[in-house]
Amino acid sequence: MCQHQPACPTADSADREAARLTAHHPEQGWSLLCNGVLLFEDTGELLPDGKIIAPHRPLAAGRVTTAA
């Protein structure tokens with residue numbers, strides 16, 4: 001898919017999120033990368049082959065609360 005030089009990482013590589021933006025819709029909460037990966041604002045991903053990558057936003061230790 002990518003026509004950039006050097007080419008962007010493929011959708012199945014570990015650094016797939018480093019690919020260039022093709023479309024960015026923050027009002028809808030998603031972005032499309034040139035390798036076909038859909039990134040969501042919750043850090044989840046949808047790969048071109050339909051595989052789902054669960055959100056992987058790190059939790060800050062100081063912000064974790066426990067319900068009583």
Side-chain angles (χ1 to χ4, degrees):
M1 287 186 203
C2 179
Q3 302 298 317
H4 303 111
Q5 292 300 326
C8 290
T10 62
D12 58 348
S13 65
D15 59 346
R16 65 182 152 262
E17 295 173 10
R20 291 189 188 185
L21 285 174
T22 300
H24 182 59
H25 294 278
E27 72 282 0
Q28 296 177 357
W30 62 272
S31 298
L32 176 64
L33 302 180
C34 71
N35 57 6
V37 173
L38 274 172
L39 291 178
F40 297 97
E41 68 179 13
D42 69 352
T43 69
E45 301 172 18
L46 179 61
L47 303 184
D49 63 1
K51 183 178 176 186
I52 297 170
I53 306 295
H56 48 277
R57 182 182 302 161
L59 293 175
R63 292 185 162 180
V64 176
T65 58
T66 305

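Only this structure's heavy atoms are used, side chains among them; waters, hydrogens and symmetry mates stay out.
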When you compare the side chain of L33 with that of L21, does any pair of heavy atoms fall below 4.5 Å? yes

Can you find a pair of side-chain heavy atoms, one from N35 and one from T10, that are under 4.5 Å apart? no

List in chain and number order the residues that pass side chain to side chain contact (heavy atoms under 4.5 Å, CB included) with Q28, two or more places apart in sequence or in another chain; answer none if no residue qualifies. H25, W30

Give the table of side-chain donor-acceptor pairs shorter than 3.5 Å for residues 43-54, with sequence neighbours excluded, one pair per line with atom names and distance.
residue	atom	partner	partner atom	Å
T43	OG1	H56	N	2.8
T43	OG1	R57	N	3.0
E45	OE1	R16	NE	2.7
D49	OD1	K51	N	3.0

Pairs meeting criterion salt bridge (Lys or Arg N to Asp or Glu O under 4.0 Å) with involvement of residues 17-33, two or more places apart: none

